[in-house]
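Bear in mind the structure is a predicted one, so any value in this text is a computation, not a measurement. Lettering follows sequence order; numbering is per chain, from 1.
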Amino acid sequence: MAKLTVTLPDGTPLELEAGASGADAAAAIGPGLARAALAVRVDGEIRDLAAPLADGERIEIVTAMSEGALELIRHDAAHVMATAVCELYPGTKVSIGPPIESGFYYDFEFPDGVTVSESDLGRIEERMAEHIAADETFERADIAVAEALERFRGEEQPYKVELIEDLVRDEGVETVSLYRNGPFTDLCKGPHAPSTGRIEAVKLGSVAGAYWRGDETRRMLTRIYGTAFFSRKDLSAHLERIEQARARDHRRLGPELGLFMFREESPGMPFWLPQGTVLLDLVEAEVRAQLDKRGYLRIDTPQILDEQLWHRSGHYDNYRENMFFAEPSERERDEHARRFAIRPMNCPGACLVFADGRHSYRELPLRLAEFGRVSRYEREGVLHGLLRVRAFTQDDAHVYCTREQAADEIVEIVSAIDELYARFGFDKVDVELSTRPEKSIGSDEEWEEAEGMLRDALERIGREHRVNPGDGAFYGPKIDFHVTDALGRSWQLGTCQLDFFMPERFDLTYQGADNRDHRPLMIHRALLGSMERFAGILIEHYGGRFPDWLAPTQAAILPVADRHGDAARALGAELAALGVRARVDDRGESVGRKIRDAELAKVPYMLVVGDRELEAGGAAVRSHADGDLGTMGAGAFAARIGAGGE
RNA sequence: GCCGACGUAGCUCAGCUGGUAGAGCACUUCACUCGUAAUGAAGGGGUCCCCGGUUCGAAUCCGGGCGUCGGCUCCA
């Protein structure tokens, strides 16, 4: 009888009967592995355990411990969910159900009149549990395209038919694979675990709408999200992580800590409360430090400008659906009265500043920075706390320079970004290069040159980056900067965009050494992007417990009894003079209560003032992080937390 | 914009199948003057998101709108 030999991960050869499968290989290695086997990785690619092996392949048995195993059973779980859903809601049309980072989903079209909401997830889960308990086998069948089309047409599964037709058209396939588990058969390229019983812990999460193939013009399907793990323990750890993220949610912490609030009267536009305004000021001071250090000049330009300006800048044609317009009430009587727009970007204002007067080449690069408040009409349904708003302040700047100077400027901007982010505890900065979008102005050659300049600058400083095709601004390509927060989530912050066109449109010139007029290049750049959004990210990054220097209130001064009130207030004044942000809590409450409230407000230090402290002079310092620090005076405390600038 | 859910006191929420509202915390007042995560008592506070409709009667049922949440699309 013919034999075949495969190589195991440690290099040892394994001889098997011809036609042997991954399951046979696992069994040959040992009964324990045979039981644990979920799939087999052949030359790096995961396949079904039942698939036949070929001579000379390098194989690895995939178990729950292996990389990719979680994706495998989550994909299994998606099939099981579809099985349950199709049983509970006959006539359901299925589409696709892949594993995703945190679990899986499946998109369904339910029969007319049937809606599924989160309250239905329990019964779907119950039905899934039955199929998992039954330990149904995943059986693969490779069939001809014609047969598959006939089958899915007969079953009135139009999405599957469309998927097959596209596979034929785009990849020229002649056969497709089907997987059956229990009563359910799905078009699927696999692989799958041997049976449904391998899914130990599964949990459905939420129901959401999702366009078929992500296309807004096509039908909206009902997406059900879920997740699956190899153990109940892993599942509860996952649910706990979600709980943690919830506890850090800036939308919850913001109002709780008195940082900001939202009101129905102005959806998507935050109201900053006193504590939050302190936070914003502290963030702004860090940005200003970078501006001062790097030769920026500060300007401030209007938020409302004539509509004509926006025609000139190209925003009206390319950005109108995101803009708010403002009309004077005069228009009620006179329709010819001027129309204004509320700026969605600061660049036209900066261009008007540059256009004022003549500029010599000796002035370049001219760096004009502006903490510019912009307003953008974001579609309802996309707003999300501070992270997606309709009005925000950009730490914006526009650098006017020559083409020769551009690369140096970009390098300088990247350096400012690295320094600034590190200051806030973000050490890992990812860079993304976005190229020409469909809706844009300018010629191909200019875009190519601009994209090349950005690429060259990144290469010069040896910065790795990802390319994001078609994601640039309408006036130029850009580099975006992302950070990863304490929970491992990625956020886009800064941006650096090259622009040949705005200077053209505003006819900006400088006088060169040759005494002739030249067109400057313009770089739009923001270090933090949106100040408000960045504050929201900081809140989540620190879970509301800011480092000492960033805490809006650094110390709560707690008099033990009323007779200590004067001493407490005197201490407060002394600390204020030293640049410490302290707050006296002189309510008629117990010390225990005041401490509790200060803890809940996430104030890093508590200064207790009682008889003992009056005598010693100072306050008993309790820190959230380190507990009792002993008694010290105002000067020693201020020095400890590095007040008055570091 | 689209799909689904939700909207009751400042906050978190209760209020079954229709009979015009309740708790805890917060707030105010009084008493207590307190030593490292909640002192006690009393009191005030609500167009039940808005507009229509059904009904003798709507927080509750129906329709429309607004807002919020989870997603999709879009996006800083």
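Within a heavy-atom distance below 4.0 Å of RNA chain B, the residues of residues 613-621 of chain A found are Glu613(A), Ala620(A).
If you check every strand for non-hydrogen atoms under 4.0 Å, Glu378(A) touches a base. Within 4.0 Å (heavy atoms only), Glu599(A) reaches at least one base atom of the nucleic acid. Residue-level contact check: Ala210(A) touches the backbone only, with heavy atoms under 4.0 Å from sugar-phosphate atoms and none from bases. Residue Gly214(A) is in sugar-phosphate contact alone, with no base atom involved, counting any heavy-atom pair closer than 4.0 Å across all strands shown. At the heavy-atom level, Val591(A) lies under 4.0 Å from the strands shown only through sugar-phosphate atoms.
Spacing between atom CE of Met606(A) and atom P of A38(B) amounts to 13 Å, rounded to whole angstrom units. At whole-Å resolution of the value, CZ in Phe262(A) and P in C66(B) are 19 Å apart. One can place OH of Tyr89(A) at 13 Å from C1' of G4(B), the figure rounded to the nearest angstrom. His384(A) places its NE2 atom 16 Å from the P atom of A76(B), with the value rounded to the nearest Å. Residue Asp586(A) contributes atom CG, which lies 18 Å from atom P of U33(B) at whole-angstrom precision. One interatomic measurement links the two molecules: CG of Asp562(A) to P of A31(B), which rounds to 11 Å at whole-angstrom precision. Regarding Leu600(A), its CG atom lies at a distance of 17 Å from the P atom of U36(B), rounded to whole Å. What separates CD of Glu589(A) from C1' of G35(B) is a distance of 15 Å, to the nearest Å.
Under the 6.0 Å cut-off for aromatic ring centres, Tyr106(A) and Phe108(A) qualify, their centroids lying closer than that. For Phe229(A) and His238(A), the ring centers are positioned less than 6.0 Å apart. Taking the six-membered ring wherever Trp is involved, the centroid distance between the rings of Phe637(A) and Tyr605(A) falls below 6.0 Å. You'll find the ring centres of Phe481(A) and Tyr421(A) outside the 6.0 Å limit. For Tyr377(A) and Phe324(A), the distance between ring centers is under 6.0 angstrom.
Judged by the 6.0 Å distance and 45° axis criteria, Arg223(A) is positioned over the aromatic ring of Tyr105(A).
Across the interface with RNA chain B, nearest-nucleotide mapping of Thr222(A) and Arg376(A) shows Thr222(A) to be the residue nearer the 5′ end. Where Arg533(A) and Arg251(A) each meet RNA chain B at their nearest nucleotide, the meeting point lying more 5' is that of Arg251(A).
Across the strands present, G4(B) finds its partner in C69(B); the criterion is a Watson-Crick or G-U wobble pair with both atom distances under 3.5 angstrom.
No aromatic stack links Tyr225(A) and the base of G71(B), using centre distance under 5.5 Å and interplanar angle under 30°.
With hydrogens and angles left out, the side chain of Arg379(A) and the base of C74(B) share no donor-acceptor pair within 3.5 Å.
Spacing between A26(B) and U39(B) at atom P, rounded to whole Å, works out to 9 Å. A distance of about 6 Å separates the C1' atoms of G18(B) and U60(B), rounded to the whole Å.
A sub-4.0 Å separation between OP1 or OP2 of G1(B) and a side-chain N or O of Tyr377(A) is present. For the OP1/OP2 pair of U39(B) and a distance below 4.0 Å, the side-chain nitrogens and oxygens of Ser590(A) include at least one atom meeting the criterion.
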